Amino acid sequence: MKAAGRSVRTRLRDSVAASDPGLLRLTAGLRTVGAIALTLAVLAVFGVDVKHLVAGAMAAMVATFAIREKELGPQAVTLALGLPVALASVSLSALLTSRVVLGDAIFVLLIFCAVFVRRFGDRGTALGLIGFQVYFVSLFVGAKVSGLPALWTAIAVAFASSAVVRFGIVPATPARILQRLRQAFRARLAQLIATQAELLDAGPDDIEKTLERLREGTARLHETALMIQSRLEEGTPDESTARLVQRRIADAEIAAERLGLLLLTARSAERADTLTLHLPGAPAPSVGHSPAPGEATDILRRDLAALRTLVLKPPAEARGTALSHLRNRLLGYRDEENLPEATPAVQDVFRGIGESARAVMGLRIALDGPQDESDDSPATARSREELDAEDAAIDAGEEAAAEDEPTGLKRPTTRAAVQVAVGSSLAIVGGEFLSTQRWYWAVLTCWIVFINTASTGEILVKGYRRLLGTVLGVVAGIVLAGLVGNHTWTAFGLVLVLIFAMFYTAPLSYTLMSFFVTAMLGLLYTLLHTYSMSVLLLRVEETALGAACGIVAAALVLPIRTDRRTNELLGTVLERLTDVTEGAVDQLSGGPAADLLDTARELDQALGDLRAAVQPLTHPITPLRSRRNTAQYVVALLETCAYHARSLAATAELLPTHPSIAADPRLRGAVRRTVRNIEAIAAHVEDEDTVTEVETGPSIASLLEPDAAGTPRYGRITGRVLRHLERLDEAVVGLARPLGVAVRTPRR
């Protein structure tokens, strides 16, 4: 019974870890709700009125979510600095209540400064956010000079409560968050392997759904890998350990993605296209046949289940002959003589399982420390020696050179500050016409649509999502307000539930977050005895006005068009792609070792920025369907390119220590055409008037064909490199058509 109970708990834990990597959303929700609850409890002891309870609750929420630093020390400093900023902000608002014009002017200046100080990093962003939001809180509760002492007390209690919850009740050190992210990576890796196993039995009617889950699982695994990489330096004891974990995470991700491609190839009549894993809605390959005879399929099914067990088994349960037997069997597939009799495509799957098992063993060693070696088979011992040699070869690397920062109005924070100040001015004027008392809702919406956006298209989509969430939230607010009535503490309890839901869903859906915010505000209006149907409808009007003002300001004041931003980011992705590809091939050709892991990480980050920037183009509401399809296709092709570049980098990193990989100078010639094509596309993206063209020619894969005597020209590992180069070359040529670059085929 105990074992069964532990198994249930383990499965539940893995499920939660996979759905919320690092428990970041859960931590944010618990911290915020805990800070608000503690604030309400302390203020209730002193018998303060409902208005100050509401002010304290909102201040506690601001003090908690505004702090974004990763280390506890900087968090404490920012929280301490935030208190005087909050007190000054609420005092300024109260003093200017009766001076409408001056008050509006100061509010706009405050908004400008709150956005401008984002240039100073997380601390500047937090202090600016606290200053603006507390000013808004004072407007919401109607702060007056005579009530300032009580408001100061409520805000001080709120900040103290936030500190107690953050550092005492719900602490989250970088090392602990990284540990949770590692667990999430394992859980998502296991889920991806389970989905890959479904490919074995997926029929023609099921393949589309299975393939969609495979795409989603691959993307979620990559997302978690990037989250881990962003926290490695703070969560590991030294840089060498950080690089080791980064390497093992990258190995496991690449091996898992390659295994999925090999399974797709085994199920289809021809080699599966990598693009199939990255392009939503791409047609599934034909799967009208079994991948192998019944016995081989049963072995594949068994081995995929064994691989998933290796991934998920906790360190405390990882000892014993049973697990060692599974590991030894899977690692044995790295030797040709251990491959079952099957078609070449199915044997490739077994090889992929062997490489995945090696990556999982390396991941376990990096995350959990030395493993039991008593039952190692020769294949396992050899894999362990390779991993040890790679670990010893990892050094700290060189620091990247600092890039030149833009200045003046070209600086993103300065441009955003000017835009939001202009938009807020319009929102104040328009909001006053709608309501002289609650005009600030329009300003709040204008402010929010500018946060974490960088182009007019992003602001348009964010404004639409906020308006949709607000409309739905008004309906919910009407229902909840009717149910709660005059029950104060019942209303506060529901407010806590809605706030938790707001923070838990914020990274997933901005519309959902806006829904919970509006529903919560309906309850707060009920507590302040200012609730009415007209008030909630006014909120919808003010929200629409604020979103419109933000969009107008973004479009007319120092605009950054979506096309311009995406082109800039696309150019960065192509530049990083060239760096990774050239660096990897140069090292595989016998050149000096380079820091390929960091270069590949920069490529992933650049691609992530581009993926976020094209959301306005790929959003379901966009009327330009052809443009949406083109944007999705280009991003999918770039993700395909990134996968092959990461694979080349990972193989190149093995070169100094792996006994079966040797440098081959002939590889330099195989990549020249691809690099020239990337540079040609990048030149066209930078300046559309530039006349460029990409060149096609003999297939790189043709180099793998045996010579006249029937002898293979390259070994198996070099052949794999050439296949990655072939697919990369095909994907780069594929980019030319949607980006308007001419394709030239040389005459024979």
Side-chain angles (χ1 to χ4, degrees), residues 6-37 61 64-72 75 122 162 165-166 169-195 212-232 234-236 245 249 252-253 256 308 311-314 363 367 452 465 469 496-517 520 604 608 611-612:
R6 184 167 62 250
S7 178
V8 171
R9 288 196 302 272
T10 300
R11 288 198 298 269
L12 179 61
R13 180 195 64 194
D14 291 339
S15 177
V16 172
S19 64
D20 181 14
L23 301 183
L24 299 179
R25 303 196 326 263
L26 180 64
T27 299
L30 290 178
R31 274 183 174 174
T32 307
V33 169
I36 294 172
M61 180 173 68
T64 304
F65 78 74
I67 310 299
R68 294 297 179 89
E69 284 106 335
K70 296 173 183 175
E71 299 281 356
L72 295 181
Q75 290 177 15
D122 289 337
S162 178
V165 173
R166 175 180 293 273
I169 301 176
V170 191
T173 63
R176 181 176 298 181
I177 291 175
L178 182 58
Q179 180 64 30
R180 292 170 179 168
L181 285 170
R182 293 168 175 175
Q183 182 180 340
F185 184 85
R186 281 171 161 157
R188 287 190 166 182
L189 178 57
Q191 289 180 350
L192 179 58
I193 294 172
T195 304
E212 189 58 38
R213 287 197 297 271
L214 191 64
R215 290 190 191 109
E216 181 182 351
T218 303
R220 282 159 60 91
L221 185 69
H222 184 60
E223 172 196 19
T224 310
L226 292 181
M227 293 173 70
I228 290 175
Q229 290 177 0
S230 68
R231 296 177 178 270
L232 277 174
E234 297 87 0
T236 49
V245 174
I249 291 289
E253 181 192 357
R308 184 172 180 273
V311 172
L312 284 177
K313 204 72 170 178
L363 186 64
L367 300 185
N452 296 326
R465 288 173 173 167
L496 292 179
V497 172
L498 292 171
I499 288 176
F500 177 83
M502 175 179 70
F503 280 92
Y504 194 77
T505 60
L508 301 178
S509 171
Y510 187 72
T511 301
L512 270 180
M513 188 198 76
S514 301
F515 166 79
F516 289 121
V517 168
M520 175 198 69
D604 286 334
R611 194 183 299 110

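Please read all numbers here as calculations on a predicted model, not as lab measurements.
- Arg188 and Thr224 are linked by a side-chain donor-acceptor pair at a separation below 3.5 angstrom, with hydrogens and angles left out of the test.
- Taking all atoms of both residues into account, the shortest heavy-atom contact from Leu192 to Gly217 is CD1-C, 3.9 Å.
- Contact between Ala225 and Phe185 at its shortest, heavy atoms only, is CB-CE1, 4.0 Å.
- Minimum interatomic distance between Ser162 and Ala35 (heavy atoms only, all atoms of both residues): CA-CB, 3.8 Å.
- With values rounded to the nearest 0.5 angstrom, Arg231 atom CZ is found 12.5 Å from Leu226 atom CG.
- Proximity of Ile177 to Lys70: side-chain heavy atoms (C-beta onward) are nowhere separated by under 4.5 Å.
- Interatomic distance, CE of Met61 versus CE of Met502, reported as 4.5 Å (0.5 Å rounding).
- A salt bridge links Glu212 and Arg215; the closest N-O separation between the charged side-chain nitrogens and carboxylate oxygens is under 4.0 Å.
- How far CE of Met227 is from CG of Leu178: 11.0 Å, rounded to the nearest 0.5 Å.
- Contact between Ala187 and Leu312 at its shortest, heavy atoms only, is CA-CD2, 4.2 Å.
- Residue pairs meeting the salt bridge (charged side-chain N to carboxylate O under 4.0 Å, His left out) criterion with at least one partner in residues 496-510, sequence neighbours excluded, are absent.
- Considering all non-hydrogen atoms of both residues, Arg308 and Ala190 come closest at NE-O, 3.4 Å.
- Phe515 CZ to Leu498 CG: the interatomic distance, rounded to the nearest 0.5 Å, is 8.0 Å.
- Heavy atoms only, all atoms of each residue included: Asp122 and Arg68 are closest at OD2-O, 3.9 Å.
- Among the candidates Thr505, Ile36, Leu30, Thr32, the single residue satisfying the side chain to side chain contact (heavy atoms under 4.5 Å, CB included) test with Phe500 is Leu30.
- Once rounded to the nearest 0.5 Å, the distance linking CD1 of Ile249 with NE2 of His222 reads 12.5 Å.
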Would Glu216 and Thr195 count as a side-chain contact (heavy atoms from CB on, under 4.5 Å) here? Give the steps. CA-CA 10 Å; Glu216 181 182 351; Thr195 304; over 6 Å; no
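- Side-chain contact between Pro21 and Arg220: absent, with no pair of heavy atoms (C-beta onward) separated by less than 4.5 Å.
- Side-chain contact check for Thr64 versus Val165: every heavy-atom pair is 4.5 Å or farther apart.
- Val245 places none of its side-chain heavy atoms less than 4.5 Å from the side chain of Leu363.
- Annotation: the span from Glu223 atom CD to Ile228 atom CD1 amounts to 11.0 Å, rounded to 0.5 Å.
- When side chains are defined from C-beta on, Leu26 counts as touching Tyr504, because their heavy atoms get closer than 4.5 Å.
- Here the side chains of Tyr510 and Met513 are in contact, with some heavy-atom distance below 4.5 Å.
- The list of salt bridge (charged side-chain N to carboxylate O under 4.0 Å, His left out) pairs with a residue in residues 16-31, not counting sequence neighbours, reads Asp20-Arg25.
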